[in-house]
Amino acid sequence: MDDTDAENKTNGDGDGDAEVAVVGAGPSGLSAAYALGPDGTDVSIYEKSGVLLGRGATREKDGCVYDYGANYIKAEDEGVNALLRETTDADGIVEVEGGVWTFDADGNVSEGYDEEVSKLTHTDGVSAFGEGVLEASDAELLRRTRVESVIPKEADEGVVVETEKDSHEHEAVVVTPPAPQTAALLEGSMPSVADAVAGVGYTTVLSVVLRYPFELEAPWYGLVNTDKEHDVGWLSREERKPGHVPDGSLLVVQASPGWSERHYDDGSAEFADALAEKAAELIDEPRLRSYDWYDHQRWRYSLPLDGVDDSVVESAADDNVYLAGDWTVGEGRLHAAFRSGLDVGERVADEL
């Protein structure tokens with residue numbers, strides 16, 4: 001789902017005057033809004049971009065659909081699995097074909113994880129799950145609305161959300177952006193919470209998508225570097241997702257955090273060429289050095305390295321500011337972010 005599609009997927013009348021605000025339309029923000037919806041709570045979601053689901057982002061080009069951030073959702077949480085299947089067109093939900101193998105610093109590839117848990121995506125890409133959850137939540141999506149600060153009022157009288165243009169008052173606010181961005185929103189009003197949240201570390205990842213006219217002959221769907229010593233951290237094949245690639249191959253290559261940090265400011269064509277070369281060397285396929293086209297993304301805050309202490313989350317909740325996201329639980333996975341949002345949304349509904 002590209003930016004234009006997300007722009008057109010808006011609920012509500014756009015005034016932002018809801019009982020509860022959610023900052024961020026990533027998986028935790030959308031699932032929190034969904035959990036609040038059945039309780040009859042009026043919810044507004046502030047999203048600075050036109051893209052839903054954060055790292056669970058999808059693009060389309062030349063008939064190909066590709067998940068260029070988080071590549072799939074593990075169906076290991078029963079509640080999250082039920083959420084996705086209940087809110088998304090069931091005919092479009094597909095499982096990734098093939099397993100994830102491993103490689104080490106020397107590029108030695110080995111048969112990898114024996115996973116029993118399904119890896120889910122959609123024929124329209126993983127972002128389709130975000131569209132489904134948003135639609136089912138009946139929340140108002142305020143597109144391209146950047147929040148600048150979140151300020152609890154005195155005497156438990158609600159929370160003010162200040163955007164670039166306006167201020168809005170809500171009974172409670174669920175804050176879901178990555179920890180560094182959440183810290184920036186709270187530093188002026190809740191400095192002790194902001195300081196603790198700012199301490200959550202993140203990996204930085206450069207991601208490229210490479211299109212080829214031929215299909216690879218390999219038994220795996222993805223390769224992951226387990227010793228964290230290779231310049232490539234992850235490589236996967238979008239053609240192993242039904243409905244994504246009509247012919248040929250489409251590779252997602254994500255650089256290791258260290259390599260990404262060193263090359264973050266390089267030109268996109270430069271690091272696309274470099275990662276194509278590294279992919280060719282890794283799987284011993286010289287044809288990968290020459291691709292038809294590429295796409296790219298710079299993920300400054302890719303995956304949390306740890307989580308924030310529960311006492312910090314409770315301290316914020318005392319002022320009707322609720323923190324949600326994979327960084328609150330220290331597990332950088334889409335299903336963990338969805339679960340965090342569901343739990344927080346249910347809590348807010350109970351405590352209002």
Side-chain angles (χ1 to χ4, degrees), residues 2-3 26-27 48-51 53-61 64-72 100-107 109 121 125-127 177-181 200-212 216 221-239 241 244-245 249-283 285 288-305 326-327 332-334 337:
D2 62 20
D3 289 6
K48 69 177 182 179
S49 74
V51 178
L53 217 62
R55 295 191 316 275
T58 304
R59 290 176 182 156
E60 299 180 22
K61 183 174 180 177
C64 297
V65 176
Y66 49 97
D67 303 316
Y68 58 94
N71 298 133
Y72 54 83
V100 177
W101 288 27
T102 65
F103 62 96
D104 61 19
D106 296 324
V109 176
T121 185
V126 72
S127 66
Q181 296 171 339
V200 176
Y202 270 78
T203 62
T204 293
V205 169
L206 294 177
S207 178
V208 296
V209 180
L210 305 170
R211 174 66 164 143
Y212 298 97
L216 291 174
Y221 150 69
L223 298 176
V224 62
N225 177 219
T226 51
D227 60 18
K228 312 299 183 184
E229 296 293 335
H230 198 281
D231 287 341
V232 173
W234 169 266
L235 185 151
S236 59
R237 304 163 59 196
E238 286 293 302
E239 67 269 18
K241 299 175 180 178
H244 276 222
V245 182
S249 298
L250 195 66
L251 299 188
V252 177
V253 186
Q254 296 180 348
S256 70
W259 195 92
S260 297
E261 287 279 3
R262 295 192 299 273
H263 296 274
Y264 194 81
D265 294 324
D266 290 357
S268 60
E270 183 179 354
F271 71 70
D273 284 347
L275 292 178
E277 174 70 27
K278 293 181 184 298
E281 293 176 356
L282 175 61
I283 64 173
E285 176 51 84
L288 295 184
R289 294 184 173 91
S290 179
Y291 45 84
D292 287 348
W293 53 260
Y294 79 93
D295 197 356
H296 75 286
Q297 182 67 32
R298 293 173 169 87
W299 299 103
R300 172 59 74 186
Y301 305 119
S302 179
L303 297 175
L305 295 171
D326 55 7
W327 59 271
R333 297 290 183 267
L334 284 186

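FYI, the numbering just counts along the sequence from 1.
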Exercise. Is the Tyr294 ring parallel, tilted or perpendicular to the His296 ring (thresholds 30°, 60°)?
Worked result: tilted
Exercise. Are Asp295 and Lys61 ion-paired here, with the side-chain N under 4.0 Å from a carboxylate O?
Worked result: no
Exercise. Is a side-chain donor or acceptor of Glu239 paired with a backbone partner of Leu251 at a separation under 3.5 angstrom?
Worked result: no
Exercise. Can you tell me if CZ on Arg333 sees more than 12 non-hydrogen neighbours from other groups inside 6.0 Å?
Worked result: no
Problem set entry | Closest non-hydrogen atom pair between Ala276 and Leu288, with its separation | CB-O, 3.6 Å
Exercise. Any donor and acceptor pair, going by atom type alone, linking the side chain of Thr203 with main-chain N or O of Pro257 inside 3.5 Å?
Worked result: no
For this session: Ignoring hydrogens and angles, tell me if any N or O in the side chain of His230 forms a donor-acceptor pair with the backbone of Asp104 under 3.5 Å.
Result: no
For this session: Keeping the roles fixed (side chain from Tyr202, backbone from Ala179), state whether a donor-acceptor pair exists under 3.5 Å.
Result: yes
Exercise. Using a distance-only test with no angle check, is there a side-chain donor-acceptor pair under 3.5 angstrom linking Tyr291 and Asp273?
Worked result: yes
Problem set entry | Heavy-atom closest pair, residues Thr121 and Asp67 | OG1-OD2, 3.0 Å
Problem set entry | Contact check, side chains of Val245 and Arg211, non-hydrogen atoms, under 4.5 Å | yes
Problem set entry | Side chain Arg55, main chain Ser302, donor-acceptor under 3.5 Å | yes
Seminar exercise, completed: Of all heavy-atom pairs linking Leu250 and Cys64, the shortest is CD2-CB, 3.9 Å
For this session: Return the minimal non-hydrogen interatomic distance between Asn225 and Ala105, and the atom names on each side.
Result: ND2-N, 4.0 Å
Exercise. Is it true that a side-chain atom of Ser207 and a backbone atom of Tyr68 form a donor plus acceptor pair closer than 3.5 Å?
Worked result: yes
Exercise. Salt-bridged, Lys241 to Glu238, with N to O below 4.0 Å?
Worked result: yes
For this session: Indicate the atoms forming the closest heavy-atom contact of Asn71 with Ser236, along with that distance.
Result: OD1-OG, 3.6 Å
Exercise. Which heavy atom of Gly332 sits nearest a heavy atom of Asp326, and at what distance?
Worked result: CA-OD2, 3.5 Å
For this session: Report the residue from Val232, Thr226, Ile283, Leu235 that forms a side chain to side chain contact (heavy atoms under 4.5 Å, CB included) with Phe103.
Result: Val232
Exercise. Within the side chain of Ser249, is there an N or O that forms a donor-acceptor pair under 3.5 Å with the backbone of Leu216?
Worked result: yes
Exercise. When the ring planes of Trp234 and Tyr221 are compared, do they come out parallel, tilted or perpendicular, using 30° and 60° as the limits?
Worked result: perpendicular
